[in-house]
Amino acid sequence: MNKLYIMDAEKCLNKLPEKYFQTVYIDPPYNTQSKKFEYHDDYADWDVFIASKIRKTHKVLQETGVLFVSIDDNKLIELRLICNEIFGKDNFLGMFITRQATRSNAKHINTIHEYVVAYAKNKKKAPAFEIKRLDIPFYAEKLLPLMAEIKKAHKQNGVVFANNLLKKRLKDFEKLEHFSFLKNYSVVDENGEICFATDLSTPNGKPSELHIEEIMLHLPALKTRGWSSKEKFIQLFNENKLLFKQGRPYEKHLLSESKDNAMSILNFYSRQGKHDLAKWGMENTLSTAKPVELIKYLIKISQISPHDKILDFFAGSGTTAQAVLECNKEDGGQREFVLCQIDEPIQNNSKAVDYLKQNGCSNQISEITNLRLKRLQHVFSFDYQKIIEPEMIFQAA
Ligand SMILES: C[S@@+](CC[C@H](N)C(=O)[O-])C[C@H]1O[C@@H](n2cnc3c(N)ncnc32)[C@H](O)[C@@H]1O
């Protein structure tokens, strides 16, 4: 069940089951001492504040689980040291640089980025951080039009024409940085899909013919190589991944399913978080909301299954809930979110307070979280429990 805890993160973490979450994403107050945010951001002992929560996070992560923490230059070093101590240096997975803005007010270096630090509960068991290229905007922008053009050409003029057109288009891609992988995707299949075909002979096996009655396939012996196993052929046949070129069998890898490792520089601009809130009429509520796409990306690279449990105990406007719901909508998954937001009154943003008042809400940040969840319910069908101290549980309408 999805949950929204309205209480201090520490108390919430104490109530959560151990080894339960696959992904924990947090965007804590960065302790900038700035007075311009809706939440207070001046902690006498930020390191202690964050360390005790990260220690508890380690307990609620399952063995394959991953922690992501958004942070800026101000507290990066302290955060890394704290995480090294609690998770172990060896479980540091890496760090993303996320583009933040085009200008900053800093005196010397015009800092236009933040970070997302990633730690595994156990690096050996953590997911490989692979993501479908089509889920990375940088690739999708170029690959989707190519795939559509080839599919159309295949439908209108047949497979030979489509294959020739693909060869021409691949020439154009040769010069583009980051697209060298594409040269392998040189075949158009019988459905007009672009794919990469890998040979199914092996240098290990002895040359001998292969007869597979189940799928009515007979392959004569090769001169020096053997064939892959019978089971492999049957499996590929069942998955519709067998492709024949001049009578010879190949394994088909679709471009639409091609994956890449996560890259360390991400182009999700922070201001997008505000635009995402604007879709719900809530653009003036929380100025530091993160982009939904950033959190979707983190959920996807750290995924073990489409039923993963995802926690964010500095929920703010509830961006993580929207990211979870959008991932579910895209692949029919049943991921669940647990959010926690302390009952802290909104500061420095009278527009937010007025807006909440107009919507019958009080001036707490948790009201922003709850309002977004209610708006989300109009689009995504889901339930959530609201748990308010001391232990009052409401089934949100
Ligand atoms: C940077 S904001 C998070 C913004 C969020 N990522 C979003 O996209 O809207 C940090 C949030 O943590 C909340 N917070 C601060 N201390 C907390 C605590 N001890 N327990 C729970 N939430 C807390 C603040 O009220 C604030 O809403």
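Just the heavy atoms: all of them, side chains too, but no hydrogens, waters or symmetry mates, feed the values below. As the structure lists them, so they are numbered: ligands from 1, and atoms in each ligand from 1.
Of the options R335, K296, K300, a salt bridge (Lys or Arg N to Asp or Glu O under 4.0 Å) to E326 is made by K296 and by none of the others. Each of K168, R169, E174 was scored for a side-chain contact (heavy atoms from CB on, under 4.5 Å) with D172, with one residue passing: R169. For the side chain to side chain donor-acceptor pair (under 3.5 Å) with S302, the qualifying choice from T64, D308, T23 is T23, the only one to do so.
Checking only distances, I365 never comes within under 3.5 Å of ligand 1, N or O to N or O. Here's the thing with Y39: none of its N/O atoms is less than 3.5 angstrom from an N/O atom of ligand 1. Considering backbone and side-chain N/O atoms, E344 comes within less than 3.5 Å of an N/O atom of ligand 1. Backbone and side-chain nitrogen or oxygen atoms of F49 are examined, and none is located within less than 3.5 angstrom of a nitrogen or oxygen of ligand 1. Below 3.5 Å of separation, one finds no N or O of D312 facing any N or O of ligand 1. Not one N or O of K53 is nearer than 3.5 Å to an N or O of ligand 1, by distance alone.
Among all non-hydrogen protein atoms, the one lying nearest atom 9 (O) of ligand 1 is S317 OG, 2.6 Å. Remark: minimum distance from atom 13 (C) of ligand 1 to any protein heavy atom is reached at Q341 OE1, 3.5 Å. Protein heavy atom nearest atom 19 (N) of ligand 1, with residue, atom name and distance: D8 OD1, 2.6 Å. Scanning the protein for heavy atoms near atom 17 (C) of ligand 1, the closest one is F314 CE2, 3.6 Å. Looking only at heavy atoms of the protein, atom 20 (N) of ligand 1 is closest to A9 N, 2.9 Å. For atom 8 (O) of ligand 1, the nearest protein heavy atom (residue, atom name, distance) is T319 OG1, 2.5 Å. Protein heavy atom at the shortest distance from atom 6 (N) of ligand 1 is D27 OD2, 2.8 Å. Atom 22 (N) of ligand 1 has as its closest protein heavy atom I342 N, 3.3 Å.
The cationic group of K252 does not satisfy the cation-pi geometry with F196, failing either the under 6.0 Å distance to the six-membered ring centre or the 45° limit from the ring axis.
Heavy-atom distances between S70 and ligand 1 stay at or above 4.0 Å for every pair. Using a 4.0 angstrom heavy-atom cutoff, G273 does not count as in contact with ligand 1. Distances from ligand 1 to the non-hydrogen atoms of Y5 include no value under 4.0 Å.
In this pair, F337 and F382 present their aromatic rings perpendicular. The plane angle is above 60°, beyond the 30 to 60° band. Using the six-membered ring where Trp is involved, Y119 and F87 have ring planes that are tilted, between 30° and 60° apart. Between F68 and F96, the ring-plane angle classifies as tilted under the 30° and 60° cut-offs.
Cluster annotation: I194 and L243 are assigned to distinct hydrophobic clusters (Ile/Leu/Val/Met/Phe/Trp/Tyr, side-chain heavy-atom contacts under 4.5 Å, transitive).
The minimum heavy-atom distance linking E177 with F138 is given by the pair O-CZ, 4.3 Å.
Here the side chains of E38 and I346 are in contact, with some heavy-atom distance below 4.5 Å. Residues Y384 and N370 meet the side-chain proximity criterion, which asks for heavy atoms closer than 4.5 Å.
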